[in-house]
Amino acid sequence: MKTIKNLKAEELRKSILQLAIQGKLVKQDPNDEPASELVKRIYEEKNKLISEGKIKKEKNQSYIFKGDDNCYYEKIGSNAPIMLKELPFDIPDNWMWVRLKNISSLNGGYAFKSEKFCKEGIRVIRISDFDEKGIKNKDIKRYPYSIDLDSYRILPEDILLCMTGGTVGKSFHIKTLDEYCYINQRVALIRIQNISTDYFYSVLTSSYISNVINTSKTSTNDNISMKLIEDFLVPLPPLNEQLNIIEKIKSFEPLINRYDELEKKITSLELEFPEKFKKSILQYAIEGKLVKQDPNDEPASVLLERIKTEKEKLIKEGKIKQDKNESYIYQGDDKNYYEKIGNNVKQIEVPFNSNRVSKWIRLSDISKKIIDGNHNPPKGKFYKTDFLMLSSQNINNDAIVELDKCRYLTKEQFDVENKRTNISNNDILFTSVGTIGRTCVYNGVLNICFQRSVSIISTLINPYYLKIYLDSPKFQKKVLEEATGTAQKGFYLNQLSRSLVLVYSFEYQNRIVNRVNKLLNIVK
């Protein structure tokens, strides 16, 4: 059984209604006239109307009564009474069970012909025209007035019940009406007589009736029949207790509404928390606030010197090209940051303050290559092959996805395309067009090449640290703010290459990656 703290507002409301209709919400008053007397009067009045010819006698009229053995019996037509052995739940001694058809008039709606709908006429209320909140004023349908259709007219205090479709069982208690309305087919109209309509609506919207409907509906279009509705067993309290129950339910309503507001806020926070937590962790990580720094770690400047030496070696071997815009970034005595490219020096803004063991550098200066995919990709095959050409839609954070939505290439096509990107294990994939800024680290499993919407970064620092940096809120904000283009926004190679990255020692990068992974696993 769910505890209160785990209940949704609607579940709490239904729980209160269930207590109400079982006689557990308000105390019974021994001075109240028992419901059995109310039931007798209802049947007497009904028989009087039959004898006066005002209503027709039912073929199988039922009457439920309590025997001397304190058990309930039902007499149907002229048949002998039958004991009702499986009643839904126990009710107080001064209550009674009745069939809905014995305390109401019921109508299953009229099959209006759509070709006769008109601009001026009586409004028709269809299944789609109402829900638990009320009548909807959208796509209104009207029908010419006919006196023959007056039996389908909706009146204040009527109850509408959906009999078909995905919303079978939804209902609405009409308090007021702005205009003359008819009910369409498969909308049951329930007009309560001789008892409180508010009380019956509490029964109808309780989990008890919901369970009856869900158990009884057919698999074809989720239908329920008028027979089922007519035979609903209604737990009937004395009239005075009905009114007391309604007052008690109404007193709970402001509290339930407040609970609903708070529950929605909590749900929203629960949904938002993992993403907000992740963003905070990533930002703290790259700012050096998540992991303690070890004074024994080598300065980031030493790492950058090694990277520079390695790049010079790769240039000499013809494996990468010389960067004409290689830069050196440093902090001056005035605490401002400066960038030197060739003989030119200019002051620059950095994304946030850093400490002495870290260094700002352009992404291109810590990368072997930064390249995008083919700008004019070949048409893929309609049959699947082992050679894939991906676009930005295939790159999600931490994963390559939706491979059924990519281009499949022949091996010959792939060999040509792969010369451009030639992706290697631990390269970072970055979506540069469309939904920009998503990343993942390639694990070397698939034979893949790319369209222009994906950029590939082959880095000389820890690729998982660089991914954390690229995923961080401030970098993602920069990407969105600086993206260009009209039809589709893009964050292109030059912008990506010239992006500032904060670099720590290899040891510290590794500790950041390990700490981030442990924390993010908590909210997965």
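All values below were derived from every heavy atom in this structure, side-chain atoms included, with hydrogens, water molecules and symmetry-related copies excluded. Since we're looking at a predicted model, the values are computed, not measured.
- Glu298 and Ser505 share no donor-acceptor pair across their side chains, judged by distance under 3.5 Å alone.
- Without hydrogens or angle criteria, Arg407 side chain to Leu390 main chain gives no donor-acceptor distance under 3.5 Å.
- At a threshold of 4.5 Å between non-hydrogen side-chain atoms, the residues Thr439 and Leu429 do not count as touching.
- For the atom pair Ser280 OG and Leu519 CG, the distance stands at 11.0 Å (nearest 0.5 Å).
- A salt bridge is absent between Asp471 and Lys278: the closest approach of a Lys/Arg side-chain nitrogen to an acidic carboxylate oxygen does not fall below 4.0 angstrom.
- Checking Ile361, Ile348, Leu500, Asn344 one by one against Glu339, the side chain to side chain contact (heavy atoms under 4.5 Å, CB included) holds for a single residue, Ile348.
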**Q.** Verdict with reasoning, Asp231 to Lys227, per salt bridge (charged side-chain N to carboxylate O under 4.0 Å, His left out)
**A.** CA-CA 6 Å; Asp231 287 343; Lys227 177 81 168 56; 2.4 Å; yes

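- Asp222 places no side-chain N or O within donor-acceptor distance of the main-chain N or O of Gly166, the cut-off being under 3.5 Å.
- Under the 30°/60° scheme for interplanar angles, the aromatic rings of Tyr338 and Tyr330 are found to lie parallel.
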Q: Using the salt bridge (charged side-chain N to carboxylate O under 4.0 Å, His left out) rule, take Glu305 and Lys308 through it: C-alpha gap first, then chi angles, then the decisive distance, then the call.
A: CA-CA 5 Å; Glu305 282 299 321; Lys308 184 178 180 181; 5.3 Å; no

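- Using a distance-only test at 3.5 Å, with no hydrogens or angles considered, no donor-acceptor pair links the side chain of Gln451 to the main chain of Gly373.
- The shortest side-chain heavy-atom distance between Leu446 and Leu403 falls under the 4.5 Å cut-off.
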Q: Could you check Leu466 against Ile428 for side chain to side chain contact (heavy atoms under 4.5 Å, CB included), going step by step and ending with a plain yes or no?
A: CA-CA 8 Å; Leu466 181 56; Ile428 296 174; 3.6 Å; yes

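- Between Ser358 and Val503, the closest side-chain pair of non-hydrogen atoms is not below 4.5 Å.
- Under 4.0 Å is where a charged nitrogen must lie from a carboxylate oxygen, and between Lys24 and Asp90 no such pair does.
- At least one donor-acceptor pair closer than 3.5 Å links the side chain of Lys369 to the backbone N or O of Asn422.
- The cationic group of Lys170 lies under 6.0 Å from the six-membered ring centre of Phe130 and within 45° of the ring axis, placing it in a cation-pi geometry.
- Side-chain contact between Cys449 and Leu409: present, with at least one pair of heavy atoms (C-beta onward) separated by less than 4.5 Å.
- Looking only at atom types and distance, the side chain of Asn462 has a donor-acceptor partner in the side chain of Asn510 under 3.5 Å away.
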Q: Apply side chain to side chain contact (heavy atoms under 4.5 Å, CB included) to the pair Leu160 and Ile154, showing each step before the final yes or no.
A: CA-CA 9 Å; Leu160 307 182; Ile154 303 170; 4.2 Å; yes

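- At a threshold of 4.0 Å, the pair Lys113-Glu115 does not count as salt-bridged, since none of the basic side-chain nitrogens sits closer than that to a carboxylate oxygen.
- You'll find the side chain of Gln293 stays beyond 4.5 Å of the side chain of Asp297, heavy atoms only.
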Q: Apply the test side chain to side chain contact (heavy atoms under 4.5 Å, CB included) to residues Ile229 and Leu161: give CA-CA distance (whole Å), side-chain angles for both, the deciding distance (0.1 Å), then the verdict.
A: CA-CA 9 Å; Ile229 298 170; Leu161 177 66; 3.7 Å; yes

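- Neither side chain, Gln476 nor Ser472, offers a donor N or O lying under 3.5 Å from an acceptor on the other.
- Contact between Phe475 and Leu496 at its shortest, heavy atoms only, is CZ-CD1, 4.4 Å.
- Neither side chain, Asn394 nor Glu402, offers a donor N or O lying under 3.5 Å from an acceptor on the other.
- A donor-acceptor pair under 3.5 Å is absent between the side-chain atoms of Glu481 and the main chain of Lys478, judged by distance alone.
- No donor-acceptor pair under 3.5 Å is formed between the side chain of Asp415 and the backbone N or O of Glu412.
- The aromatic rings of Phe387 and Phe414 lie tilted to each other, with the angle between the two planes from 30° to 60°.
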Q) Please walk me through it: do Phe352 and Trp360 pass ring-ring contact (aromatic ring centres under 6.0 Å, His included)? A) CA-CA 10 Å; Phe352 49 86; Trp360 286 105; 5.1 Å; yes

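- If you check the side chains of Ser301 and Lys359, you find no donor sitting under 3.5 Å from an acceptor.
- Aromatic ring orientation, Tyr201 versus His173: tilted (interplanar angle from 30° to 60°).
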Q | Arg306/Leu460 under side chain to side chain contact (heavy atoms under 4.5 Å, CB included): CA gap, chis, key distance, verdict | A | CA-CA 10 Å; Arg306 285 205 307 274; Leu460 290 164; over 6 Å; no

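- To the nearest 0.5 Å, atoms CG (Leu271) and CD1 (Ile266) are separated by 12.0 Å.
- Put simply, the side chain of Ser367 never gets that close to the backbone of Ile370: no donor and acceptor are under 3.5 Å apart.
- Looking only at side-chain heavy atoms (C-beta outward), Gln185 and Arg126 stay at 4.5 Å or farther from each other.
- Side-chain atoms of Asp372 and His375, non-hydrogen and from C-beta on, do get closer than 4.5 Å to each other.
- The pair Glu287-Lys474 meets the salt-bridge criterion, with a side-chain N (NZ, NE, NH1 or NH2) lying under 4.0 Å from an Asp/Glu carboxylate O.
- A donor atom on one side chain and an acceptor atom on the other are found under 3.5 Å apart for Glu272 and Ser268.
- The residues Glu11 and Lys8 are annotated as not salt-bridged, no charged nitrogen and carboxylate oxygen being separated by less than 4.0 angstrom.
- Remark: side-chain polar atoms of Ser497 are not paired, donor with acceptor, to backbone N or O of Asn494 under 3.5 angstrom.
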Just list the side-chain donor-acceptor pairs under 3.5 Å for residues 430-438, sequence neighbours left out, or say none.
| unit_1 | atom_1 | unit_2 | atom_2 | d |
| --- | --- | --- | --- | --- |
| Thr431 | OG1 | Thr435 | O | 2.8 |
| Thr431 | OG1 | Gly437 | N | 3.1 |
| Thr431 | OG1 | Arg438 | N | 2.8 |
| Thr431 | OG1 | Arg438 | O | 3.4 |
| Ser432 | OG | Arg452 | O | 3.4 |
| Ser432 | OG | Ser453 | O | 3.2 |
| Ser432 | OG | Ser455 | OG | 3.2 |
| Arg438 | NE | Ile395 | O | 3.0 |
| Arg438 | NH2 | Ser392 | O | 2.9 |
| Arg438 | NH2 | Ile395 | O | 3.4 |

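- Between the side chains of Ser206 and Lys14, no donor N or O sits under 3.5 Å from an acceptor N or O.
- At a threshold of 4.0 Å, the pair Glu326-Arg362 does not count as salt-bridged, since none of the basic side-chain nitrogens sits closer than that to a carboxylate oxygen.
- The residues Glu317 and Lys313 are annotated as salt-bridged, a charged nitrogen and a carboxylate oxygen being separated by less than 4.0 angstrom.
- Checked by atom type and distance alone, the side chain of Lys265 never pairs as donor or acceptor with a backbone atom of Asp260 at under 3.5 Å.
- To the nearest 0.5 angstrom, Ser171 atom OG is 7.5 Å from Ile213 atom CD1.
- Using a 4.5 Å cut-off on side-chain heavy atoms (C-beta onward), Asp294 and Tyr508 make no contact.
- A donor atom on one side chain and an acceptor atom on the other are found under 3.5 Å apart for Gln22 and Gln18.
- Without hydrogens or angle criteria, Asp131 side chain to Gly134 main chain gives a donor-acceptor distance under 3.5 Å.
- Under the side chain to side chain contact (heavy atoms under 4.5 Å, CB included) test applied with Asp365, the options Ile307, Leu304, Ile329, Asp323 reduce to a single match, Asp323.
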